[in-house]
Trainee: 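Can you keep this structure in mind? I'll have questions shortly.
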Protein chains: 2
Amino acid sequence: MIVTIKDVAERAGVSPKTVSRVLNNETHVRPQLRETVLRVIEELNYKPNMFARGLSSARSYLIGLFIYDPYWSGYATDIQLGALRRCRELGYHLVIEPIDPHIEGAAEQVVDSVAGLRLDGVILPPPLCTFEPLLARIEEMGMAYVRISPGQDMDRSALVEIDEYAAAHEMTRHLIELGHRDIGFVEGIPTHAAAARRYAGFKTAMAEAGLTVNPDWVLPGMFTFQTGFAAADELLSRKGPLPTALFCANDDMALGAVSAARKHGLEAPADLSIVGFDDAPAARFSWPPITTMRQPVSDMVASAVDMLVDPKYRRDAGKDGGKPAPRLQLPFALVQRQSAATP
Amino acid sequence: MIVTIKDVAERAGVSPKTVSRVLNNETHVRPQLRETVLRVIEELNYKPNMFARGLSSARSYLIGLFIYDPYWSGYATDIQLGALRRCRELGYHLVIEPIDPHIEGAAEQVVDSVAGLRLDGVILPPPLCTFEPLLARIEEMGMAYVRISPGQDMDRSALVEIDEYAAAHEMTRHLIELGHRDIGFVEGIPTHAAAARRYAGFKTAMAEAGLTVNPDWVLPGMFTFQTGFAAADELLSRKGPLPTALFCANDDMALGAVSAARKHGLEAPADLSIVGFDDAPAARFSWPPITTMRQPVSDMVASAVDMLVDPKYRRDAGKDGGKPAPRLQLPFALVQRQSAATP
DNA sequence: TCTCGATTTGACATCGATGTCAACATCGGC
DNA sequence: GCCGATGTTGACATCGATGTCAAATCGAGA
């Protein structure tokens with residue numbers, strides 16, 4: 001019933017080992033023989049058994065993606081799709097594991113649970129990429145991993161990122177050039193280092209323009225629609241003077257802020273300019289469309305997959321051996337839409 | 001370096017087979033011996049190798065979840081999280097595979113690509129659960145599968161659903177009881193049978209109340225924010241009379257409709273009542289919060305996982321053997337929030 | 001034609017678990 | 001004290017691929 005490598009070998013008149021060589025694109029197979037074997041594989045619709053493969057060789061053809069679910073948003077969706085697509089192109093499969101850093105021992109438990117899977121590598125997007133217990137356990141198990149935009153501890157492992165600082169700086173410049181002088185900021189998750197770098201970029205750009213950051217207008221947020229709404233709602237409920245622009249550390253919060261403004265009878269951008277970060281899909285289709293900073297999230301995570309698949313980076317890249325950890329920086333881009341205008 | 005079942009056996013002074021029995025909770029092991037083995041497993045931090053396991057036994061401890069990515073929304077997120085959680089509880093892992101029905105041969109390709117994984121079963125949420133080429137290929141491969149809310153072909157396989165028809169009927173009743181007589185409807189994906197059942201429930205409830213459905217107010221949609229926005233935008237741009245309430249076939253479209261209404265200077269629910277379906281997270285946190293119909297999506301998909309894991313349903317449940325395909329119907333609930341009121 | 005070295009191929013062991021089946025231990029009933 | 005029935009345990013084969021290493025083949029140069 002089920003076709004094995006033996007069946008293919010028999011029919012092609014070669015040994016199983018030769019079929020294996022063809023499957024894995026190894027050298028030392030006569031082109032003509034290779035053709036024959038490929039034809040038979042096609043004819044029998046043979047699919048190698050992953051388990052046999054994983055058992056006998058070192059690779060599992062499995063990549064892990066660890067995510068923190070409550071913050072699922074456009075960003076997390078892009079991450080996932082990018083990884084999924086690249087894995088498929090390379091003949092790998094993706095195993096997704098949610099981890100809640102707030103649950104004691106969750107990281108250890110998850111790493112243990114995938115230990116039997118012998119993953120070829122793990123991808124850690126924010127905020128897990130800065131979650132120390134997780135990193136420690138992964139390193140202890142000797143697993144290869146790549147972080148996405150960790151924002152700190154840059155030499156610890158391979159990573160892919162954009163220059164968050166420069167991007168936030170540019171966005172702030174944009175608001176200033178529009179004529180804003182009173183600019184508020186909604187922060188991201190405190191433990192997420194990239195969030196801090198966005199704020200740093202904002203602050204520096206303000207200082208460089210000779211503007212002061214009003215601490216009352218710097219509000220906490222958790223990267224969700226809900227917290228963006230709450231932050232703006234709280235800000236707009238106050239009696240005192242208000243900013244003319246609000247820089248939200250991501251798009252979901254910007255969307256929330258737009259909603260909250262409306263609750264207070266304010267329209268973006270006429271009464272308040274609101275900008276985001278990430279270029280999430282919803283940012284394009286909401287009303288008004290959100291001015292934001294595009295991150296090539298899919299490309300970033302695709303590069304992460306490439307790194308894990310590439311034998312060059314396979315084990316502990318940059319840990320031993322003294323060679324520096326690969327660090328890939330991809331370009332960002334300001335996307336001007338209709339949620340920001342001159343005050 | 002890596003701990004195997006042999007190491008555990010040796011240290012516990014038993015045979016590997018006995019350790020295996022303990023691992024799989026088989027009978028015929030003296031309680032005391034079982035204790036000893038469990039203690040050693042703990043001590044050595046032993047994790048069974050999935051590949052060896054999958055190779056020698058029939059199970060893979062892997063469940064597949066096929067999704068159609070462009071429609072990722074609150075609904076798809078809930079599906080995924082529900083599956084992920086339940087899999088973890090049961091010691092299974094989830095392999096997610098995106099499929100685009102519009103790409104010729106995509107379904108076949110994906111099924112082939114997971115053929116080597118020997119999945120214990122596959123979960124098909126909408127809209128893939130009614131995508132014929134995919135179903136055909138899955139059945140051809142003899143894989144077990146469970147559909148979520150297929151809305152048609154009910155005896156073909158195991159499935160989990162809510163009574164979409166009754167739920168839409170109840171929502172429509174709710175609007176009528178609020179005093180609405182002119183009600184519009186934004187449809188879901190045409191190929192998605194559950195969408196048709198929602199519309200059917202709407203139509204019947206209208207007829208039962210002696211109200212006519214104005215065909216000009218029944219608008220096409222694709223379950224996305226964007227298409228909900230477009231539908232409402234188009235409707236509200238017209239010269240003629242307008243409905244006082246709009247029933248959107250899911251929450252993402254309701255959110256889009258709220259945005260579009262605002263673009264036309266209308267506020268929900270004062271100027272137009274807008275209701276959704278699904279109880280997506282964003283429905284709770286938007287402004288105004290959306291009145292919607294709660295589907296226990298996480299429970300539904302968790303039940304689907306249970307069915308696949310339960311040996312009772314393992315292979316071709318309901319195909320051969322003559323026993324009927326299991327069909328699980330879970331309860332829905334109207335969630336009244338602030339996007340609907342008396343006209 | 002023969003030889004040496006490089007290339008191509010296959011025999012066999014191996015990965016780490018579980019299935020099968022036979023051997024052994026235990027127990028109650030006669 | 002013996003018997004069969006039941007419960008417990010382990011020896012060994014097996015799943016389907018790849019790694020190792022030796023054998024076979026090929027080709028060029030003498």
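Chain A is the first sequence line, chain B the second, and so forth, proteins listed ahead of strands; every chain is numbered from 1.
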Trainee: Is it true that A:H192 and A:Y68 share a donor-acceptor pair across their side chains at a distance under 3.5 Å?
Mentor: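 A:H192 and A:Y68 do not have a side-chain donor-acceptor pair below 3.5 Å.
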
Trainee: Through what angle, rounded to 10 degrees, does the axis of the helix from C:dT1-D:dA30 to C:dC30-D:dG1 turn between its ends, using five pairs per end?
Mentor: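 Axis-to-axis angle, ends of the helix: 40°.
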
Trainee: Would you call B:D155-B:R327 a salt bridge at under 4.0 Å N-O?
Mentor: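 Here B:D155 does not pair with B:R327 in a salt bridge, since their nearest N and O are not under 4.0 Å apart.
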
Trainee: Near DNA chain C, counting only heavy atoms under 4.0 Å, which residues of residues 30-41 of chain A show up?
Mentor: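 A:R30, A:L33 - these, ordered by number, are the residues of the stretch whose heavy atoms sit under 4.0 Å from the strand.
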
Trainee: Does the pair A:R156/A:E132 count as a salt bridge with the N-to-O cut at 4.0 Å?
Mentor: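 A:E132 and A:R156: salt-bridged.
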
Trainee: Listed by chain and number, what are the ring-ring contact (aromatic ring centres under 6.0 Å, His included) partners of A:Y92, not counting sequence neighbours?
Mentor: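 Residues passing ring-ring contact (aromatic ring centres under 6.0 Å, His included) with A:Y92: A:Y61.
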
Trainee: Compile the donor-acceptor pairs under 3.5 Å between side chains in residues 21-30 of chain A and protein atoms, sequence neighbours left out, one pair per line.
Mentor:
residue, atom, partner, partner atom, Å
A:N24, OD1, A:R53, NH2, 3.3
A:N24, ND2, A:S20, O, 2.9

Trainee: Find the distance between CE (A:M143) and CD1 (A:I138) and round it off to the nearest 0.5 Å.
Mentor: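 One finds 6.0 Å between CE of A:M143 and CD1 of A:I138.
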
Trainee: Are the side chain of A:T36 and the backbone of A:Q32 linked by a donor-acceptor contact shorter than 3.5 Å?
Mentor: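 Answer holds: yes.
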
Trainee: Does A:T18 place a side-chain N or O at less than 4.0 Å from the phosphate oxygens OP1/OP2 of C:dT9?
Mentor: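 No, because none of the side-chain N or O atoms of A:T18 sits under 4.0 Å from OP1 or OP2 of C:dT9.
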
Trainee: Under the salt bridge (Lys or Arg N to Asp or Glu O under 4.0 Å) test, which residues partner A:E35, sequence neighbours left out?
Mentor: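 A:E35 satisfies salt bridge (Lys or Arg N to Asp or Glu O under 4.0 Å) with no residue once adjacent residues are dropped.
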
Trainee: Indicate yes or no: does A:E97 engage B:R88 in a salt bridge with an N to O separation below 4.0 Å.
Mentor: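 Salt bridge: yes.
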
Trainee: Produce a footprint string for nucleotides 12-23 of chain D: one letter per nucleotide, 5' end first; B if the base is under 4.0 Å from any protein heavy atom, S if only the sugar-phosphate is, - if neither.
Mentor: ---BBBSBB---

Trainee: Taking only Lys NZ, Arg NE, NH1 and NH2, and the carboxylate oxygens of Asp or Glu, determine whether B:E89 and B:R86 approach each other closer than 4.0 Å.
Mentor: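 So B:E89 pairs with B:R86 through a salt bridge.
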
